[in-house]
Amino acid sequence: MEYDPNNIFAKILRGEIPCRKIYEDEHALAFEDIAPAAPVHVLVVPKGEFVSFDDFTAHAPASLQLGFFSAMRKVAQQLHLPQNGYRIIGNHGADAGQLVPHFHMHILGGKPLGGLLAK
Ligand code: AMP
């Protein structure tokens, strides 16, 4: 799939749409999900034009991949999640229900999260 620069996370990265920012560095932006599925629900978005996990891991420079995953760790640390635990989720494509075609990962926590998948 070709990258659509008008997707909502691209607009957030360009500052055209506001977000509730949690963390930002040269590689990634993290902000609260607008429809939280847990007490803590943060999206981490790399600063680059990648549609999906597959696209990102195949085509992003190694420095950006490392920076992105380091940013995820920093977000979890900043939110004091490691002690009680947290979940990271990445949706790729239709079967996973990916809504926004800019690669992102979800960080969820703040309560026991239950089973992995909804029945
Ligand atoms: P998915 O693409 O299925 O991995 O999930 C996209 C997520 O983006 C959903 O959890 C939405 O609630 C969230 N979302 C959509 N628009 C915004 C926005 N403007 N700000 C924050 N989160 C958003």
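Note that ligands are numbered from 1 as they come in the structure, with each ligand's atoms numbered from 1 the same way. Numbering starts at 1 and runs along the sequence shown. Below, each value reflects all heavy atoms present in this structure, side chains not excepted, and no hydrogens, waters or symmetry copies.
Below 4.0 Å from some heavy atom of His106 lie the following atoms of ligand 1, by number and element: 1 (P), 4 (O), 5 (O), 7 (C), 10 (O). Each of the atoms 2 (O), 3 (O) of ligand 1 lies under 4.0 Å from some heavy atom of Gln98. The ligand atoms of ligand 1 that sit less than 4.0 angstrom from a heavy atom of Val100 are 2 (O), 6 (C). Near Glu32, with a cut-off below 4.0 Å to any heavy atom, the atoms of ligand 1 are 21 (C). Every atom of ligand 1 with a heavy atom of Phe31 under 4.0 Å away is listed here by number and element: 21 (C). For ligand 1, the atoms lying closer than 4.0 Å to a non-hydrogen atom of Asn91 are 1 (P), 3 (O), 4 (O). Close approach to Ala35 involves these atoms of ligand 1, each under 4.0 Å from a residue heavy atom: 12 (O).
For the ligand labelled ligand 1, residue Gly97 lies inside the 4.0 Å heavy-atom shell. Contact analysis puts Asp33 in contact with ligand 1, with a non-hydrogen atom separation below 4.0 angstrom. Distances shorter than 4.0 angstrom occur between a heavy atom of His104 and an atom of ligand 1.
With a 6.0 Å radius and a threshold of 12 heavy atoms from other residues, nucleotides or ligands, Asn6 has its CG atom above the threshold. Within 6.0 Å of CZ on Arg14 lie more than 12 heavy atoms contributed by other residues, nucleotides or ligands. In this structure, Tyr3 places its OH atom where more than 12 heavy-atom neighbours from other residues, nucleotides or ligands lie under 6.0 Å away. Within a 6.0 Å sphere centred on CD1 of Ile88, heavy atoms belonging to other residues, nucleotides or ligands number 12 at most.
With a 4.0 Å cut-off on non-hydrogen atoms, Leu43 touches ligand 1 through its side chain and not its backbone.
With sequence neighbours left out, Phe69 forms a ring pair (Phe, Tyr, Trp, His ring centres under 6.0 Å) with no residue at all.
Nearest protein heavy-atom contact of atom 2 (O) of ligand 1 is Leu99 N, 2.6 Å. Looking only at heavy atoms of the protein, atom 8 (O) of ligand 1 is closest to Phe9 CZ, 3.4 Å. The protein atom (non-hydrogen) at minimum distance from atom 14 (N) of ligand 1 is Ile34 CG2, 3.8 Å.
For the pair Ile12 and ligand 1, the shortest N or O to N or O distance does not fall below 3.5 Å.
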Solution key, residues 33-40 side-chain donor-acceptor pairs under 3.5 Å, sequence neighbours excluded:
residue : atom : partner : partner atom : Å
Asp33   : OD1  : Ala35   : N            : 2.8
Asp33   : OD2  : His41   : NE2          : 3.2

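Side chain of His59 to backbone of Thr57: no donor-acceptor contact under 3.5 angstrom is found.
How far CG of Asp55 is from NE2 of His102: 10.0 Å, rounded to the nearest 0.5 Å.
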Criterion side-chain contact (heavy atoms from CB on, under 4.5 Å) on Lys47 and Phe68, from CA distance to verdict
CA-CA 8 Å; Lys47 292 186 174 178; Phe68 173 75; over 6 Å; no
For salt bridge (Lys or Arg N to Asp or Glu O under 4.0 Å), just list the numbers for Glu16 and Lys11, CA-CA rounded to whole Å, side-chain angles, deciding distance to a tenth of an Å, and then say yes or no.
CA-CA 5 Å; Glu16 295 167 11; Lys11 290 180 179 175; 5.7 Å; no
